Amino acid sequence: MINLKEKDYVVIVQCDIVKQRCPGYLCEKAFNERTGGFASYPKDKAYRKINLTCGGCCGRAIHRKLTNLARVIKKREGIEKNSIVVQLSSCITKDNYHAPPCPHLDYIKGLIAKIGLDVCEDTVISDKAQQRRQAGLYADNKE
Ligand code: SF4
Ligand code: SF4
């Protein structure tokens, strides 16, 4: 169980393909309101936050991006890996109107684990998508 109270730095990773169109506003809103995948984050704690994309299929670039980020913030500010949490956006983790979940989800999670960073899943959870999952229109993978 990841203790989000002990984290200081949130890295939201979004699907590179989806981000060609999506500004990521609903991810930001969910974080700001501590809803969806952010519901377990304490509301009274201010987090540093950065958004990245996976870098494109097959997601391999996320290893380089996160390795570089962890190295730089440790060097510049002394922030350790255990203060960082990676949050995979719902367009990676969930079946929704954009597309099915990322076919490389397990691979990406493995890359992040290899760096030694904690990873959580989901960002925005839309009521409509949830209803469609319950109706069997979308795969109810984890939401
Ligand atoms: S989860 Fe939604 S808002 Fe966030 S990046 Fe993906 S498509 Fe955009
Ligand atoms: S690897 Fe997955 S998350 Fe990244 S661009 Fe491809 S489908 Fe999107």
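Order of listing sets the numbers, starting from 1, for every ligand and every atom in it. Just so you know, residue 1 is the first one in the sequence shown, and it goes up from there. Everything numeric in this text was worked out from a predicted model, so none of it was measured.
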Fill in the blank from the handout: Ranked by distance from atom 2 (Fe) of ligand 2, the top protein heavy atom is C102 SG, 2.3 Å
Handout entry: Part of C58 with heavy atoms under 4.0 Å of ligand 2, whether side chain, backbone, both or neither
Key = backbone
Exercise for the section: May I ask you to list the atoms of ligand 2 that are less than 4.0 angstrom from any heavy atom of C54? Expected result: 3 (S), 4 (Fe), 5 (S)
Practice task
Could you tell me the residue and atom name of the protein heavy atom closest to atom 8 (Fe) of ligand 2, and the distance to it rounded to 0.1 Å?
Solution key: C15 SG, 2.4 Å
Problem - Those atoms of ligand 1 less than 4.0 Å from some heavy atom in S90 - result: 1 (S)
Problem - For L26, the ligand 1 atoms whose distance to one of its heavy atoms is below 4.0 Å - result: 3 (S)
Problem - Basic-acidic side-chain contact under 4.0 Å: K45, D8 - result: yes
Handout entry: Residue C22, metal atom 6 (Fe) of ligand 1, N/O/S under 2.8 Å
Key = no
Problem - Sole residue of Y41, Y9, F38 in ring pair (Phe, Tyr, Trp, His ring centres under 6.0 Å) with Y47 - result: Y41
Problem - Sub-4.0 Å atoms of ligand 2 with respect to non-hydrogen atoms of I17 - result: 5 (S)
Handout entry: Whether C57 has an N, O or S atom under 2.8 Å from atom 6 (Fe) of ligand 2
Key = yes
Fill in the blank from the handout: Within 4.0 Å of some non-hydrogen atom of T123, the atoms of ligand 1 are 1 (S)
Completion exercise
Quick note on ligand 1: atoms under 4.0 Å from a heavy atom of V18 include exactly 7 (S)
Handout entry: Contact partition for V124 relative to ligand 1, non-hydrogen atoms under 4.0 Å
Key = side chain
Handout entry: Atoms in ligand 2 flagged as close to H104, the criterion being non-hydrogen separation under 4.0 Å
Key = 1 (S)
